[in-house]
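Read through the structure below, which is laid out as structure tokens, and then see the notes.
To find a chain, count down the sequence lines: A is the first, B the second, and so on, and within it residues start at 1.
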Number of protein chains: 2
Amino acid sequence: MRPSIKQVANLAGVSIATVSRLLNKPGSVSAETAEKIHRSIEQLGFRPNFNGRNLRAGNSRTVGVVVPTLSNTVFAQCLQGIELAARELDYSVMFTTTEYLPHDESAAVELLLSHRVDGVILTVADAGANATLDLLEREKIPFVLTYNQLAQPVPGETPCTRVSVSVDNRAAACDAVTHLIRLGHRRIQMLSGRFNASDRAIQRYYGYLDAMRMAGLDPLSAIEVERHTLTAATDYQQMMADPAQRPTALFCSNDLLAMSAMRDLRALGLRVPQDISVMGFDGIPVGALMEPVLASVVQPSEQIGDVALRTLVAAIERGVIAGGDAHAASAGGMRHVLPHGVRAGGSAASPDQS
Amino acid sequence: MRPSIKQVANLAGVSIATVSRLLNKPGSVSAETAEKIHRSIEQLGFRPNFNGRNLRAGNSRTVGVVVPTLSNTVFAQCLQGIELAARELDYSVMFTTTEYLPHDESAAVELLLSHRVDGVILTVADAGANATLDLLEREKIPFVLTYNQLAQPVPGETPCTRVSVSVDNRAAACDAVTHLIRLGHRRIQMLSGRFNASDRAIQRYYGYLDAMRMAGLDPLSAIEVERHTLTAATDYQQMMADPAQRPTALFCSNDLLAMSAMRDLRALGLRVPQDISVMGFDGIPVGALMEPVLASVVQPSEQIGDVALRTLVAAIERGVIAGGDAHAASAGGMRHVLPHGVRAGGSAASPDQS
DNA sequence: TTGAAAGCGCTAACAA
DNA sequence: TTGTTAGCGCTTTCAA
């Protein structure tokens with residue numbers, strides 16, 4: 001077994017309490033005792049066991065993170081942001097994925113709760129009606145949603161006490177589509193991930209509708225596709241094959257989808273942007289390395305992670321002060337809306353005036 | 001405070017030992033007692049506290065993961081593979097990043113050790129002389145290296161007891177360069193990340209040398225660049241500007257670098273592949289979506305993670321049986337060399353025969 | 001099949 | 001400034 005605080009105390013000829021004190025508030029131990037203890041620690045290669053500490057202290061300085069997948073760069077960047085901030089604040093990170101499966105969401109959170117994480121950062125399929133979030137609330141564990149964007153509070157209704165960190169998906173999508181409209185596009189088709197796998201996708205579709213209506217254009221219903229692949233949806237293929245029917249621009253609910261769409265268009269013999277423009281959403285870094293550069297809405301993913309973690313830790317530590325009920329302490333709710341940008345790129349250009 | 005096993009026992013009218021037994025080996029409790037206990041658990045919303053369990057059991061069913069960064073898709077995919085496998089085997093994952101800083105490597109591992117993870121998966125800058133690995137060995141914590149590739153055992157020398165999971169970097173690079181040579185290239189320049197930030201980069205350079213020599217061509221010294229950016233290195237710019245000096249192909253030590261290089265070449269007015277071919281290493285998925293498709297060596301990153309986790313868990317559980325010294329139990333060492341592929345892509349074509 | 005009790009490593013209240 | 005002690009939640013002998 002590894003050396004415990006007890007062995008250190010024995011070797012140094014002091015009580016375990018003194019060792020503990022040195023570890024926690026070094027000021028409260030005399031210089032020479034401290035010296036002795038440090039030597040013993042060194043000699044034994046002692047390293048405090050956080051399990052003991054957590055058990056006693058009732059908190060773990062660990063946060064749980066639950067994201068759908070790491071295959072999408074966006075979530076990897078967000079996790080990166082979380083980790084960097086956590087390290088700075090001296091927190092550790094337990095991490096899980098869900099593959100967009102609500103069942104896995106719950107299982108993941110259950111496990112994190114058994115580990116007694118102090119809080120959770122998560123991105124769920126749909127923040128509206130979500131058993132996992134209810135569970136977290138029942139357990140009074142503070143949590144912060146990333147990418148999921150809570151609804152604007154309605155005056156008169158009881159305000160939501162949850163916390164989210166995201167861009168304004170609807171406004172951002174509206175900006176993107178407006179960008180296309182300004183370039184001269186009239187027939188713009190939205191391609192989206194499954195609405196039921198992502199509440200953001202729906203918000204982005206609303207943004208599309210806003211922009212189209214604002215410009216007096218006819219919106220089209222969105223085409224939902226599985227996991228970034230344009231299935232051999234024959235209606236889609238037909239639409240694309242027929243120049244009269246074909247949209248002059250595609251607005252995609254995420255960059256991976258946009259890039260896949262571009263590849264498929266190429267396979268169909270269509271050139272981007274000469275024959276059709278493509279705009280994405282996310283602003284993943286590789287998009288800027290392509291030729292043409294992928295026009296997109298840029299979300300500050302790493303910053304989303306950073307803000308989420310700091311907000312969560314603030315709630316946790318407020319809770320410690322408030323007497324353990326960290327969730328109540330964070331009550332009031334908060335919608336952190338981070339600024340988005342529109343990256344103009346060669347993939348979106350003015351349509352041929354032929 | 002959350003309900004503990006004690007409250008469950010009280011409510012069910014049994015001892016805590018019985019509750020514990022039900023939780024661990026349900027067979028050893030009578031049906032009706034089990035029934036009562038289950039009801040109590042339900043009613044109280046009891047969830048076992050892993051801190052208590054870990055403290056007592058001396059193991060945590062948690063592994064630590066340390067990677068340089070998540071900005072590189074390769075590591076994100078690897079982490080994904082680790083997480084999926086961990087979940088399947090009922091392990092949790094604590095995760096950290098080092099930004100390629102050896103100091104952060106050690107700090108990260110120290111923290112993980114304090115959390116009493118059962119094992120560690122890590123990618124270090126240089127597996128050769130590495131204080132972090134020595135620490136892990138001293139602490140007898142089993143660990144598995146990913147991407148770092150251990151040297152082939154030399155007959156007669158004491159074999160290394162460490163474990164690595166990677167492709168054969170040298171052979172893979174050799175295959176890539178051979179691919180370029182077969183296309184007709186003679187003047188091939190390697191662009192690499194800093195050798196001191198990545199032992200893989202050096203192996204890949206050796207592979208480049210192998211291929212060049214095998215073909216009787218003059219190898220060039222590699223150009224090392226910072227973090228995927230072709231700094232305004234004037235000698236590089238000059239080399240590129242002068243058609244006589246300019247290589248006909250670039251072999252890059254990773255895909256991000258290759259994509260950045262392509263962008264920079266474009267800025268210089270050079271076309272890929274007409275004026276110059278580019279080949280990467282990693283085979284990140286987005287490379288296949290670009291036009292031209294990025295020619296690259298494909299590493300099975302998610303599988304690297306999967307194999308690493310399973311190997312680690314096997315070592316851990318062998319150790320439990322062997323009496324706690326999991327590291328000794330894993331002794332013998334192992335170099336898992338996973339197969340790589342060469343993805344031909346439009347970015348690498350035959351040079352102009354002008 | 002069940003219970004009593006010890007103890008994993010640590011912190012903190014209380015005494016000295 | 002330091003020591004004594006109780007106990008955080010759990011598992012696991014040992015007895016019954």
If you check every side-chain atom of [X], which of [options] has the closest atom?
{"X": "A:Phe46", "options": "C:dG9, C:dC10, C:dT11", "value": "C:dC10"}
{"X": "B:Ser30", "options": "C:dT2, D:dG9, C:dG3", "value": "C:dT2"}
{"X": "A:Ala17", "options": "C:dA12, C:dT11, C:dA4", "value": "C:dA12"}
{"X": "A:Val29", "options": "D:dC10, D:dT2, C:dC10", "value": "D:dT2"}
{"X": "B:Ile5", "options": "D:dT4, D:dT11, C:dC10", "value": "D:dT11"}

Integer-rounded Å distance: [N] [atom2] and [X] [atom1]:
{"X": "A:Lys25", "N": "C:dC10", "atom1": "NZ", "atom2": "P", "answer": "17 Å"}
{"X": "A:Asn59", "N": "C:dA12", "atom1": "CG", "atom2": "P", "answer": "9 Å"}
{"X": "A:Ile16", "N": "D:dT5", "atom1": "CD1", "atom2": "P", "answer": "11 Å"}
{"X": "A:Asn54", "N": "C:dC10", "atom1": "CG", "atom2": "P", "answer": "11 Å"}
{"X": "B:Asn49", "N": "C:dG9", "atom1": "CG", "atom2": "P", "answer": "17 Å"}
{"X": "A:Ile41", "N": "C:dG9", "atom1": "CD1", "atom2": "C1'", "answer": "14 Å"}
{"X": "A:Asn51", "N": "C:dG7", "atom1": "CG", "atom2": "C1'", "answer": "15 Å"}
{"X": "B:Asn10", "N": "C:dT2", "atom1": "CG", "atom2": "P", "answer": "16 Å"}

Residue-phosphate contact under 4.0 Å: [X] side-chain N/O, [N] OP1/OP2:
{"X": "B:Arg53", "N": "D:dT11", "value": "yes"}
{"X": "B:Thr18", "N": "C:dG3", "value": "yes"}
{"X": "A:Asn24", "N": "C:dT11", "value": "yes"}
{"X": "B:Ser15", "N": "C:dA4", "value": "no"}

> Which part of the nucleic acid, if any, lies within contact of B:Ser20, taking any heavy atom under 4.0 Å across all strands shown: a base, the sugar-phosphate backbone alone, or nothing?
Replying inline: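 Base contact.
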>> For a quick check of understanding: with a heavy-atom distance under 4.0 Å over all strands, which category does B:Leu23 fall into, base, sugar-phosphate or nothing?
In response: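 Touches nothing.
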> Under a 4.5 Å cut-off applied to non-hydrogen side-chain atoms, are A:Leu113 and A:Glu139 in contact?
Replying inline: yes
> D:dG3 base to A:Arg21 side chain: any donor-acceptor pair below 3.5 Å?
Replying inline: yes
> Any Lys/Arg nitrogen of B:Asp306 or B:Arg310 sitting under 4.0 Å from an Asp/Glu carboxylate oxygen of the other?
Replying inline: yes
>> Looking at A:Asp118 and A:Val63, would you say the former's side chain and the latter's main chain have a donor-acceptor pair under 3.5 Å?
In response: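 No; zero donor-acceptor contacts below 3.5 Å.
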> Side chain of A:Glu105, backbone of A:Ala125: donor and acceptor closer than 3.5 Å?
Replying inline: yes
>> Below 30° counts as parallel, above 60° as perpendicular, anything between as tilted: where do the rings of B:Phe75 and B:Tyr147 land?
In response: perpendicular
